[in-house]
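Letters A, B, ... mirror the listed sequences (proteins, then strands); counts begin at 1. Note that the coordinates shown come from a computational prediction; the quantities given were computed from them, not determined experimentally.
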Amino acid sequence: NADPQKTAFLLRKRWTLYSVTPLYKFSDAHLRDYGRLLSAFIAAEKQKGLAVEIGVELDIKVAVSCLPDLKGSDHDQAAILVQLLSRSPAFSKNSEDKLIWSGWFCCVSGDDLPENVPEDFTCLPLFLANGAESYTSIVGSWFQKTFDCCFRRLAISPLSLSWMAAMWTGCKVDKTPSAIELIFSVPCLPQPLDISYAIHPEDAKALWDTVQKTPGEITQEEVDVFMDCLYSHFHRHFKIHLSATRLVKVSTSIASAHCDGTIKFLQSQYLTGVLMLLTELAISQIQ
Amino acid sequence: HLATSLPLPSERDHLRPRIDMIVFMCDIKSKYSLKNVEACLAHVDASFFLGKVCFLVTGVGRVNYSSVEVNAIWKLGEVYCSPVLFCELELDGIRVATAQRLLRMLQICAGHVPGVSALCFSSLMRHSADD
């Protein structure tokens, strides 16, 4: 399990998710070289006039490192972190570089790793980015060109979000848990309408505990029963069938996920668990 | 004839022509539509399930919007011995092709195609389940 101190910087940031096809001829022994090459690529892109921020002259430094603790099993490739740091004149007094963008590749697959992966290919199916979209695009292009891989935004379906809601409701947290919040988008209306349903965490957990039969195991039926109970409760009060709407966001004390493919990790002890679910989604999007 | 739920209102029974086929439509983006279909099935006479019922699943073009598990629908088709068709209403080509297919099935169910009866659909279902 990952050391909470080392992974604390991953928490409480909103990460945009991508699925990545296997990287060809990638080696974690050459991370510093990759950093230099990517740095040169970014500088070249800026010369071409694809300046990311107009009027701001940023000298960008690239740091590529390994996060050895972030993996599911020994078969998994260790996570790779890419950070873009800037050293602009305004900060020259304080010689610390400012972090302007981060992205990391990971594979937390537990026991069922992708099989039949040919030699020379590295599986890091999940990519998480935080920072300006323009930087994500440049870094993504470099990786795609260099390792012949393909990035795609990871979408999270309402089915997967329900699964997350049920799974995360059942998790124990040390501090006072925050409310479970579900956001639904109502279809077929001239004006967009979102419904926010907040549930007291203890009530939600009590409900989940009555539904879940085997601790540590979750079935689709249990998730369905849990969600149906929440929907009936809502219908009783508001006469609205949430089951006819689309679940778009789930927020719990563990993490918060949006259907557009963004995630926020809130508890380091469950980081690996959430990554395992996301890795699975990424792998199924690739296939 | 389109209805949002069953049973059909009894006031118009005497005006209604014979029903040859029932297509239950379920939107994969709405769990509610599946629940509605499941509730309506109870109101259908058993004789319809000899090839005169089929399930039509719409909205399959947007996989990322699914609120219904496809397995649940397959199971429904199995339990009621009726075929399950998938289509995306927003795509012209698929919509037209599906309509033509349903029309063909309807012709068979109404007895307009000599030598083929609705019972053929049921036996086709059993064969694919055995595979």
Visitor: Could you list which of residues 155-162 of chain A have a heavy atom closer than 4.5 Å to any heavy atom of chain B, in residue-number order?
Guide: A:A155, A:I156, A:S157, A:P158, A:L159

Visitor: Just wondering, more than 12 heavy atoms not from B:L15 lying within 6.0 Å of its CG?
Guide: yes

Visitor: Scan residues 241-260 of chain A for pairs that pass salt bridge (charged side-chain N to carboxylate O under 4.0 Å, His left out), counting only residues two or more places apart or in two chains.
Guide: none

Visitor: Write out, in numerical order, the residues from residues 54-74 of chain B with a heavy atom short of 4.5 Å from a heavy atom in chain A.
Guide: B:V63, B:N64, B:Y65, B:S66, B:S67, B:V68, B:E69

Visitor: Near A:K13 NZ, under 6.0 Å, is it more than 12 heavy atoms from other residues, nucleotides or ligands?
Guide: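 Correct, the count exceeds 12.
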
Visitor: Could you check whether atom CZ of B:R95 has more than 12 heavy atoms from other residues, nucleotides or ligands sitting under 6.0 Å from it?
Guide: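 Yes, enclosed.
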
Visitor: If contact means a heavy atom pair closer than 4.5 Å, which residues of residues 194-233 of chain A contact chain B?
Guide: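 Hits under 4.5 Å: A:Q220, A:D224, A:D228.
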
